[in-house]
Protein chains: 2
Amino acid sequence: MKKYIKVRDKLKKQIQLGEFKVGDLLPSEHTLCRTFSITRTTARKALDELLKEGFIEKQHGKGSVVIERRQSLGLLSVKGFSEAVGENVRTTFLQKPKVDNWSDEIFSKINSSDSRAQCVSFERVRFVGDFPVMIGKNWFNGNIIPGITETEFVEGSFFKTLSNRYLIEVTGSSSELRAEAASERVAKLLKIETGTPILHISLKFKTSNPKLAIYSELHCNTSKFPIGSSYFM
Amino acid sequence: MKKYIKVRDKLKKQIQLGEFKVGDLLPSEHTLCRTFSITRTTARKALDELLKEGFIEKQHGKGSVVIERRQSLGLLSVKGFSEAVGENVRTTFLQKPKVDNWSDEIFSKINSSDSRAQCVSFERVRFVGDFPVMIGKNWFNGNIIPGITETEFVEGSFFKTLSNRYLIEVTGSSSELRAEAASERVAKLLKIETGTPILHISLKFKTSNPKLAIYSELHCNTSKFPIGSSYFM
DNA sequence: TAGTGGTCTAGACCACGGT
DNA sequence: CCGTGGTCTAGACCACTAG
């Protein structure tokens, strides 16, 4: 298995468990080299991933400092909801994965191979506490991940299910963001007034399987939990 | 000067000038090594930057392919407006850079050193064609970049001015996104109805000068030009 | 099979931060 | 001054794509 993934996940777990707290310095790159028997290239690659995911910031001459993760919906652009927000999150299905049609709700350009394939979709509402925050509907080529309609998600996460059961990793995403007035349906589900401004996010995920793209349309009530994102070079 | 920056900018320019078109393969990593007399580490670093900036995608076994840049406001999280959108963009000042107070409009947490320093702010409206798309107000510590109140921006870009005149580069950003109803003032400036949903983006930029952070509050009409962003691992 | 990108090793020198 | 991260060299082996 890839070494930098192992190092990255070890450190990530230590941060999540509080062994490294906000403001703490992670072991230096040279220390990581010794403890994991790797070279600096590999150590730096692991730290770069933590940087991209918003766990640390690097300070030239000092080290890698654990930083506060946004108390918002987190690095939305990277992975799914459950990885981003932390605890106190609940999800309910409006529609479990089932064979469906490619909907014209999908804003992203659909890969030509997808449009000829069988479409599977599912739809969920996400809560933080008792507060409905987001409605998300997802579409993908069902031929690529057979049996998904009968599978229970691993820890409630679609992306974890992809990773654990099908060995498919999300490798990137592109998105478009729009502020819109909530439709009647969306408003009802988010328990807000029809016409309230909501954030509409159209996402297309790329995965390690080039044949599998995941299309998502999200409708978010950002009044209490804004969407956060960060970018470091 | 850094070699990977030189290679990155050379390739970027070739893409922008159309020497490499959408769908074209960039020179392979080994070829770049030979033509620039660099090692693969450096060649890959240059390509990784183009990947992050959304110019290319990499295909294992094939090469680096030039991809279409979003015809939207682009990689918002990276740099300024003018770098992202392309031509046909116009900017007018509502308020040229001047000494101001730290406003409570600023959503991001202000660095403690900033709150004791002199604040400079400016505010602009951005147009695509004749269509007002975004209002942006920016605040920063005026002591760090003296003379900015008397300077004309380089090519109309604040970030280019920072880079060329003060040798300060933007190194990262974090942001929060909210859908809101347009206030009377915002609506008037964007030529829309008061209460129309708009996208409110609170940004904090980090720069290569650790003492300089830039705080931005943007209000965007996303109806014709959605905000785009992408992320690749 | 040849060429591509992905991972990794084992070093080197430099710039920056704090002592 | 020493330890830190930033850049770079000169290789190696592997996995993937395509002819």
Original post:
Looking at B:Trp139, B:Phe205, B:Phe122, which hits ring pair (Phe, Tyr, Trp, His ring centres under 6.0 Å) with B:Phe158?
Top reply: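 The single option meeting the ring pair (Phe, Tyr, Trp, His ring centres under 6.0 Å) with B:Phe158 is B:Phe122.
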Original post:
Who are the ring pair (Phe, Tyr, Trp, His ring centres under 6.0 Å) partners of B:His200, not counting sequence neighbours?
Top reply: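 By the ring pair (Phe, Tyr, Trp, His ring centres under 6.0 Å) rule, B:His200 matches B:Phe107, B:His219.
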**OP:** Quick one: list whatever passes side-chain hydrogen bond (donor to acceptor under 3.5 Å, both in side chains) with B:Gln95, sequence neighbours left out.
**Re:**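 side-chain hydrogen bond (donor to acceptor under 3.5 Å, both in side chains) check on B:Gln95 returns B:Ser121.
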Subject >> Given B:Lys6, B:Lys2, B:Arg8, the one that forms salt bridge (Lys or Arg N to Asp or Glu O under 4.0 Å) with B:Glu49 >> reply: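 Answer after filtering B:Lys6, B:Lys2, B:Arg8: B:Arg8.
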**OP:** Answer yes if the side chains of A:Ser202 and A:Glu217 hold a donor-acceptor pair under 3.5 Å, and no otherwise.
**Re:**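 Looking only at side-chain atoms, A:Glu217 and A:Ser202 do form a donor-acceptor pair, the distance falling under 3.5 Å.
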**OP:** Return the stems involving DNA chain D, sorted by first number, where pairs are Watson-Crick (N1-N3 with N6-O4 or O6-N4) or G-U wobble (N1-O2 and O6-N3), both under 3.5 Å, and runs are 3 or more long.
**Re:**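 Stems found: C:1-18 with D:1-18.
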**OP:** Any chance you could list the contact pattern along nucleotides 3-13 of chain D? Use B for base contacts, S for sugar-phosphate-only contacts and - for none, protein heavy atoms under 4.0 Å, 5' to 3'.
**Re:** BBBBBSBB-B-
For residues 145-153 of chain B, please give each side-chain donor-acceptor pair under 3.5 Å, one per line with the distance, not counting sequence neighbours.
unit_1, atom_1, unit_2, atom_2, d
B:Thr151, OG1, B:Gly147, O, 2.5

Original post:
If you look only at pairs with a residue in residues 14-30 of chain B, which of them pass as a salt bridge (charged side-chain N to carboxylate O under 4.0 Å, His left out), with sequence neighbours excluded?
Top reply: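 Qualifying pairs, neighbours excluded: B:Glu29-B:Arg40, B:Glu29-B:Arg44, B:Glu29-B:Lys58.
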